[in-house]
Amino acid sequence: MFKKLKSKFKNNSFVLNYSRMWPFVKPYWGRALTATLITIPIGSLDAIIALSLKPFMDTVIMDQGGSTPFNLPLYTIPVFIIIFTLIQSTLEYTSSYLNTWIGGKITTAVKQKIYGKLVTCEPAFVDKNSSGFIVYRCDSDPNLACSGLLTNLKVFTTRIFSSISLLCVLLYTSWQLAIIAIIVLGCSLWPLTQIRKKIKDVMAATVLAGGAALTALNETFSGLKTIASYNLETNQKQKFAEVLRQIFKFQIKYTQRTAWLSPMMHIIISVGIASTIWYGSYLIKSGTITSGDFVAFMTALLMLYTPVKNIGKNFAAVQMSFMAIERVFDFLEMKMSIEEKKDAVECPEIKNKIEYKNVNFGYTKEKLVLRDINLTIKKGEKIAFVGNSGGGKTTLVNLLPRFYKLTSGEITIDDVPINNMKLSSLRDKIAVVFQDNFLFDGTIRENILLGKKDATDEELQTALKSACLDEFVSTLSKGLDTKIGERGVLLSGGQKQRVAIARAFLKNAPIVVLDEATSALDNKSEAIVQQAIDNLMQDRTVFVIAHRLSTIQNADQIVVVNEGRIVEQGSHEELLQKEGAYNALYMAQFKSKK
């Protein structure tokens, strides 16, 4: 059984994280390489400014002799500094533009890949994860992973080449001072090795808290009428305030575990600068280095150390990006319990029967919902399932289109196990009308055509008429092109049901599943929808889950399911004569009407 998706943080290396993203980077590798190569001169040009100060200091300020490169006039040094800075700034803009362009493309590709995975997830995934958690994983993580990928790559490559060039200046001006600088640099970077393990549990909790906030917003949007009718405004505000309090708590924990990095590195680097000044003064007095050497060295050292002091924040952001990358690929690589076999076959046209053979099922391993289910449904039969709420009726029919994986046993169509069939082929043979049918934001036409996208106008009109929807559509100024709002909010319950039935008509599947399709309707709407359902059931094999027994008296078989077991089976008349569970249900409803 599918296990709840959790945020997992593995000790993946820098190379591994970027290698996992390579398939998404590959289509744009030329631009990505250009953006990366541009960082080489961006970083390397830092050294020129520091190095140019040596001849200027020795020749002009201290009058200690020396010459400029290529014996150029001294006044050219400030000019060259400006020119190099302009070049560096231009390259910086170009790199930022390319990274933004590539980052947007990669983010789009990753989100498309994640959405492709999401739409193929089994219903158990939705059952066991909140909407906010799923949205957070599918939207926020790709943004953080992709933007962090290129931004951090740019920062690191720039810093690497800047550091290399500045270290060369340090070694060139004074190898003695350079040794001190390198030792201090190594000590200042050591705390970065501790950051990942300090923030991984906080980040996991932050993801869950962020998902909870999105879930609360989704629930509020969908349940606004319920909130208003039960005066739940204060209650919901308190619940949301608690969610925000949790998010704030994790933000503070994150700050507590990362904010010490920059001050710690600042202290270590300050010790290095003080040591360099102290030892540098001694070297100048002893004549080992010139004042120009020292000024050039200190300039290069400060240019090297300044970004290092702030790298703690950047490195924490890098780790967050890496963790987001890992969560993205945890989701993409997640194994489903329902998988199509490599040698799966097409679902055959039903010629004889559908069978449930010793079927057992549980949403968890610990508790079975269905036990020892054995059923035979002949082609063209109407079979109805009745029984107590929570007895397993809906679960039983949901196993036919393989919404869930059987714990044991098998279901066959003409003796071919459905587990051996291609999922798309199997589900193409089944049309489902739920109690609360989902309609997409758009028009009536668009929602009906989901049953068959290439349907002709004649087929569409036939579906409308069969679903008893034609008269209603004719009263609308825009007809089939009328917008129905998100989840069909602008339609009544009966109208939504008839749109769903028209969609099922257009699909023209040989198997129809009706999951309490009229239980939530008033008597007038039920009568219209029932007529549409009667039209839909003609010449098809039909599975009906019914609450109102008056709607299934003409079924070929009525199956009573209680506590996950079949307790009675037969026609309406046969079951009444037994005076068992069905008779008790029927009499209870009959008396309630009186």
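Please read these numbers as outputs of a predicted model, since none were measured by experiment.
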Whether the side chain of [X] engages the backbone of [Y] through a donor-acceptor N/O pair (distance < 3.5 Å, no angle test) should be reported.
X	Y	answer
K422	C347	no
R445	D481	no
R402	E122	no
S95	L91	no
K483	L490	no

Tell me the closest heavy-atom pair linking [X] and [Y], and the distance in Å.
X	Y	result
I114	P142	CD1-CG, 3.4 Å
G485	D441	C-OD1, 3.4 Å
F440	N447	N-OD1, 2.8 Å
I338	K405	CD1-N, 3.7 Å
P401	N398	CD-O, 3.4 Å
E340	S424	OE1-N, 4.3 Å

Give, for atom [atom1] of [X] and atom [atom2] of [Y], the distance between the pair rounded to the nearest 0.5 Å.
X	Y	atom1	atom2	value
T34	I102	OG1	CD1	7.5 Å
L423	T120	CG	OG1	10.0 Å
E459	D454	CD	CG	7.5 Å
I430	K507	CD1	NZ	7.5 Å
M421	R427	CE	CZ	13.0 Å
D141	D330	CG	CG	9.5 Å

Quick check: are there more than 12 heavy atoms from other residues, nucleotides or ligands sitting under 6.0 Å from [atom1] of [X]?
X	atom1	answer
Q112	CD	no
K478	NZ	no
R31	CZ	no

Does the side chain of [Y] come within less than 4.5 Å of [X]'s, by heavy atoms?
X	Y	answer
N508	K452	no
L332	F329	yes
E446	I484	no
L460	L506	yes
Y404	P123	yes
K113	F331	no

Is E242 salt-bridged to K239, going by a charged N under 4.0 Å from an acidic O?
-> no
Yes or no on side chain to side chain contact (heavy atoms under 4.5 Å, CB included) for C121 and M334, after CA distance, side-chain angles and deciding distance?
-> CA-CA 10 Å; C121 284; M334 178 179 59; 4.2 Å; yes
Would you please name every residue forming a salt bridge (Lys or Arg N to Asp or Glu O under 4.0 Å) with K111, sequence neighbours left out?
->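 Listed in chain order: D139.
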